[in-house]
2 protein chains.
Amino acid sequence: MSDTKENIIGLADELIRKRGFNAFSYNDIAVPLAVRNAAIHYYFPAKSDLGEAVIEVELRRVEEYRRGSERLTGEEQLKLLVGVFRRNNKLRMICLMGSLTPDYDTFEVPMRRKVKEMCLSILDWVAESLEKARGEGKLQFEGEAGDRALLVISTLLSSLLLSRVLGTNIFERMLDQLLQDMRADWRVKDIKL
Amino acid sequence: MSDTKENIIGLADELIRKRGFNAFSYNDIAVPLAVRNAAIHYYFPAKSDLGEAVIEVELRRVEEYRRGSERLTGEEQLKLLVGVFRRNNKLRMICLMGSLTPDYDTFEVPMRRKVKEMCLSILDWVAESLEKARGEGKLQFEGEAGDRALLVISTLLSSLLLSRVLGTNIFERMLDQLLQDMRADWRVKDIKL
DNA sequence: GTCTATATTCCGATAGAC
DNA sequence: GTCTATCGGAATATAGAC
């Protein structure tokens, strides 16, 4: 993939997380990259093509995390997950789920499908990690791992939203509560950056 | 307050919940109300004025809920809260926190302040209800009610986001998990509409 | 208080040269 | 693959008549 194309996707990803899909323009990408908006249209004829590409990359990122952490314990996988969100929090960036799901009904159908696929993929990974950690005795929760994954993602997603408005410390307050609920013996500050 | 003004605010509220603040236009309000966009500008010179008015109404709504449920038990207050969200869920509408916090950094400062005020007000109400319900022995949780309120709001907010993408039943799955965690002896389906 | 009319700006998108 | 140039449309917003 060409550098320009990669840079466009990378910057679009950042803009989606910081300002939302409907709030950024081709110009917001063209100016920092010092190209004309026609160059962006060359790679992504319509804005939704760019949106889909950003999600596609995220899907691959999730797959990589998944394959790259296969040999880790469930607990380590969860620390990895929480670490990713904490890093985003420090950068005032929300996650793609938190940014794209509120605007879901304004998207064209193909992009909606991609958003849904992304949500399912992330949830699946989290559920797997939770189940694994429970099997190791490092986590306790009742019910199915898929249901618990919904609550975990919910907390991660919302903590990024609320942190920006109410202050960064909200993230740790929320995550530590969640970890306590699941009887984890570690807290956010225990994760090495 | 004039009918037109009220109708504008009401429709704007709906559009914010369904499509997001940055995705709706004055025309989306003018057409259904059969007025010209100049009429909307008469009441709300700038779009942010309209946004602030919508939040203002929500703030008063929260205050009303609060005063109107003072004599209810904490448990009944929570059922009321969950019921409000469930009704929104059925209408495919997300809450204002879920819609406005992702776009927070695109707002002008006065509107950001209002968003923050709204978040704090809702959290405060939830914390109060949780504390009350805990005192009644109808709910169990560790730590401060304020921290727990963050998790409760997080689940309500996210369930609306995810329900639209993954299916309406997500709402009940998530809320029932949350209630189970707090050892509540009721579930979503027990709430009368 | 609502209208017509319009200013202004910005957006996504495309044609065609290089 | 990137550019210049431009189109068509939509957005927010305002002036001034009624």
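What you are looking at is a predicted structure, and each value in this text was computed from that prediction instead of being measured.
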Scan [X] against the nucleic acid and name what it touches under 4.0 Å (heavy atoms): base, sugar-phosphate only, or nothing.
X: A:Ala34; value: sugar-phosphate
X: A:Tyr26; value: sugar-phosphate
X: B:Ala38; value: base
X: A:Phe24; value: sugar-phosphate

Given [N], is OP1 or OP2 found less than 4.0 Å from the side-chain N or O atoms of [X]?
X: B:Ser25; N: D:dA10; value: no
X: A:Ser2; N: D:dG1; value: no
X: B:Thr4; N: C:dG1; value: no
X: A:Tyr43; N: D:dT2; value: yes

Whole-Å distance between [N] [atom2] and [X] [atom1]?
X: A:Leu15; N: C:dC11; atom1: CG; atom2: P; value: 12 Å
X: A:Leu33; N: D:dG1; atom1: CG; atom2: P; value: 16 Å
X: B:Phe21; N: D:dA11; atom1: CZ; atom2: C1'; value: 13 Å
X: A:Met111; N: C:dG12; atom1: CE; atom2: P; value: 13 Å
X: A:Asp28; N: C:dT9; atom1: CG; atom2: C1'; value: 14 Å
X: A:Tyr42; N: D:dT2; atom1: OH; atom2: P; value: 8 Å
X: A:Arg36; N: C:dC11; atom1: CZ; atom2: P; value: 15 Å
X: A:Leu50; N: C:dA13; atom1: CG; atom2: P; value: 10 Å

**Nucleotide nearest B:His41 (side chain, heavy atoms from C-beta), chosen from D:dT14, D:dT4, C:dA13** =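 Selected nucleotide: D:dT14.
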Exercise. What nucleotide among D:dT14, D:dT4, C:dT14 has an atom nearest to a side-chain atom of B:Asn37?
Worked result: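 Given the options D:dT14, D:dT4, C:dT14, the side chain of B:Asn37 is closest to D:dT14.
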Are [X] and [Y] close enough for a salt bridge, meaning some N to O gap below 4.0 Å?
X: B:Lys114; Y: B:Glu56; result: yes
X: B:Arg148; Y: B:Glu144; result: no
X: B:Lys18; Y: A:Asp105; result: no

Ring pair (Phe, Tyr, Trp, His ring centres under 6.0 Å) for B:Phe21 and B:Phe107? Distances and angles first, verdict last.
CA-CA 9 Å; B:Phe21 184 78; B:Phe107 301 150; 5.4 Å; yes
Quiz item: Taking atom types as modelled and ignoring hydrogens, do the side chains of A:Tyr43 and A:Ser2 form a donor-acceptor contact shorter than 3.5 angstrom?
Solution: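 Their side chains do contain a donor-acceptor pair, which is all the 3.5 Å distance test asks for.
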